[in-house]
Amino acid sequence: MIDVWGRHPWSPQQDAAWGLVATILSQNTNWQNTRRALSSLQQRCRTAADLLSLSVKELERLIRPAGLWRIKAKRIRAALQVLIPRFGPHLERLHEVPPTVARQILLEAPGVGPKTADVLLAFYAGAPIIPIDTHIARITRRLGLAAPSASYEQIRSALEKLIPPKHRLRAHIALIRFGREVCRSRNPRCAKCPLRSFCKYARSRKGSLNH
DNA sequence: GCCCAGGTGGGTA
DNA sequence: TACCCACATGGG
């Protein structure tokens with residue numbers, strides 16, 4: 001899976017602070033619209049910390065293409081206000097604390113849930129964590145690697161047991177692309193899927209996939 | 001016109 | 001604790 005889909009679909013931002021902004025913008029939004037909004041912000045402000053000097057109205061206007069703009073403008077401001085004093089203007093001190101501690105602090109920031117916290121830790125603090133997005137959750141359940149009702153943490157734990165730390169970041173990327181490009185609909189294009197033998201195995205083992 | 005996209009937080013039972 | 005729902009634009 002890593003060989004087929006492990007190429008980076010999302011080049012990390014300059015620093016973790018822009019990474020935080022990009023991740024909030026990407027919530028329930030496709031990457032193309034996320035990129036539009038992020039690009040407007042980066043044309044207007046040199047650093048993510050500079051966003052705090054914008055008015056809420058201006059921030060809302062700039063991020064509109066990403067959708068949910070009223071909510072996201074609030075979340076970006078609030079999260080930066082909480083996390084910059086703690087980790088520095090570029091969130092450069094994120095990797096100086098143990099990932100479990102950093103995760104707790106991140107989760108206390110408004111607008112930062114488990115997915116956003118884990119993306120920051122995995123991409124900007126080198127933590128061996130697999131962030132669970134909607135695609136990863138779907139295919140992990142569908143392949144029977146986690147129960148249909150499994151929570152975010154249960155899915156993360158199931159995958160992290162299977163995948164060694166050094167492969168987790170690329171596995172995260174590969175799993176998302178697999179989920180988006182192959183295993184998205186209720187009728188996955190299994191004929192085109194390089195993993196079809198594995199899917200077949202999973203199906204036979206489980207009786208049926210949770211399509 | 002409908003569906004979906006790399007979630008989160010508030011409300012309700 | 002476990003669900004349900006609002007949030008909103010842009011493209012297929």
Side-chain angles (χ1 to χ4, degrees), chain A residues 1-2 4-13 16 18-41 56-83 103-125 127 129-142 146-156 159-160 163 168-189 211:
Chain A
M1 190 181 279
I2 286 171
V4 178
W5 293 292
R7 199 164 42 82
H8 223 300
W10 172 15
S11 34
Q13 300 308 312
W18 278 119
L20 170 68
V21 173
T23 310
I24 292 175
L25 287 173
S26 77
Q27 292 169 357
N28 234 35
T29 301
N30 63 40
W31 183 239
Q32 194 177 328
N33 289 347
T34 301
R35 215 164 30 215
R36 286 195 182 105
L38 186 64
S39 157
S40 302
L41 293 180
V56 176
K57 284 282 163 221
E58 173 78 343
L59 187 55
E60 288 178 349
R61 187 184 64 77
L62 291 167
I63 68 172
R64 198 170 286 236
L68 305 172
W69 39 276
R70 275 194 287 254
I71 287 178
K72 289 176 182 176
K74 276 196 207 104
R75 288 181 183 171
I76 287 168
R77 281 183 65 87
L80 289 172
Q81 277 167 346
V82 168
L83 295 175
R103 193 167 195 268
Q104 269 314 110
I105 298 171
L106 289 169
L107 288 174
E108 284 167 20
V112 179
K115 162 74 189 329
T116 301
D118 288 344
V119 165
L120 284 173
L121 292 169
F123 282 88
Y124 299 94
I129 286 176
I130 301 180
I132 306 301
D133 80 304
T134 180
H135 297 296
I136 297 180
R138 184 181 66 251
I139 61 184
T140 305
R141 293 182 180 123
R142 196 177 274 183
S149 62
S151 68
Y152 181 97
E153 295 303 337
Q154 287 168 330
I155 292 170
R156 187 161 76 90
L159 288 176
E160 288 177 2
I163 302 169
R168 287 180 187 161
L169 190 60
R170 288 193 305 152
H172 162 82
I173 291 160
L175 282 162
I176 289 175
R177 292 195 61 194
F178 171 58
R180 268 180 32 203
E181 297 174 16
V182 180
C183 205
R184 176 150 135 193
S185 69
R186 290 189 169 274
N187 299 301
R189 292 169 291 168
H211 285 332

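Every value quoted in this text rests on a predicted model; they were computed, and no experiment measured them. Below, chain A is the first sequence line, B the second, and so on; all start at residue 1. Worth knowing before you read on, the calculation uses all heavy atoms, side chains too, and leaves out hydrogens, waters and symmetry mates.
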Checklist entry - Can you find a side chain N or O atom of A:Trp31 that sits less than 4.0 Å from OP1 or OP2 on B:dA5? => result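 Negative; the distance criterion is not met.
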Checklist entry - Below 4.0 angstrom from OP1 or OP2 of B:dT8, is there any side-chain N or O of A:Thr116? => result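 For B:dT8, OP1/OP2 do have a side-chain N/O of A:Thr116 under 4.0 Å.
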Item to check | Residue matched to B:dG7 through Watson-Crick or wobble contacts both under 3.5 angstrom | outcome: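 Base partner found: C:dC7.
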Checklist entry - With both distances under 3.5 angstrom, what nucleotide forms a Watson-Crick or G-U wobble pair with C:dG12? => result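 Pairing partner, where one exists within any strand: B:dC2.
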Roughly how many Å is it from [atom1] in [X] to [atom2] in [N], rounded to a whole number?
| X | N | atom1 | atom2 | answer |
| --- | --- | --- | --- | --- |
| A:Glu153 | C:dA2 | CD | C1' | 16 Å |
| A:Leu106 | B:dT8 | CG | P | 11 Å |
| A:Leu25 | C:dT9 | CG | P | 15 Å |
| A:Gln27 | C:dA6 | CD | P | 18 Å |
| A:Arg35 | B:dA5 | CZ | P | 17 Å |
| A:Arg64 | C:dA8 | CZ | P | 9 Å |
| A:Leu175 | B:dG6 | CG | P | 14 Å |
| A:Tyr152 | C:dC3 | OH | C1' | 20 Å |

Checklist entry - Which heavy atom in A:Arg70 sits nearest to a heavy atom in A:Glu60, and how many Å separate them? => result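 A:Arg70 and A:Glu60 have their closest heavy atoms at CG-OE2, 3.6 Å.
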Counting only side-chain heavy atoms from C-beta out, which of [options] sits nearest to [X]?
| X | options | result |
| --- | --- | --- |
| A:Arg75 | B:dG6, C:dA8, B:dG9 | B:dG9 |
| A:Gln32 | B:dG6, B:dT8, C:dG11 | C:dG11 |
| A:Asn30 | B:dT8, C:dA8, B:dG6 | B:dG6 |

Item to check | Side-chain-base donor-acceptor pair under 3.5 Å for A:Arg36 and C:dT9 | outcome: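 Such a pair does not exist between side chain and base.
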Checklist entry - Side chain of A:Asn28, base of B:dG7: donor and acceptor closer than 3.5 Å? => result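 A donor-acceptor contact between them is present.
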Checklist entry - If you measure from the C1' atom in C:dA8 to the same atom in B:dC2, how many Å do you get, rounded? => result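 Comparing C1' positions in C:dA8 and B:dC2 gives a spacing of 15 Å.
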Next on the checklist: Work out how far the P atom of C:dC5 is from that of B:dG6, and round it to whole angstrom.
Outcome noted: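 These two P atoms come out 23 Å apart once rounded.
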Checklist entry - With a 3.5 Å cut-off and no angle check, do the side chains of A:Lys72 and A:Thr29 form a donor-acceptor pair? => result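 Side-chain D/A pair, A:Lys72 to A:Thr29: present.
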Item to check | A:His172 side chain to A:Pro131 backbone, donor-acceptor under 3.5 Å | outcome: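 Yes: the side chain of A:His172 pairs with the backbone of A:Pro131.
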Checklist entry - Hey, is the main chain of A:Pro148 close enough, under 3.5 Å, to the side chain of A:Arg141 for a donor-acceptor pair? => result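 Side chain of A:Arg141 to backbone of A:Pro148: a pair is present.
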Item to check | Which residue lies more 5' along DNA chain B, comparing A:Pro110 with A:Thr29 via nearest heavy atoms | outcome: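 Mapping each residue to its closest nucleotide by heavy atoms, the 5'-most match is A:Thr29.
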Checklist entry - Do the side chains of A:Glu108 and A:Val82 get nearer than 4.5 Å, heavy atoms only? => result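 A side-chain contact under 4.5 Å is absent here.
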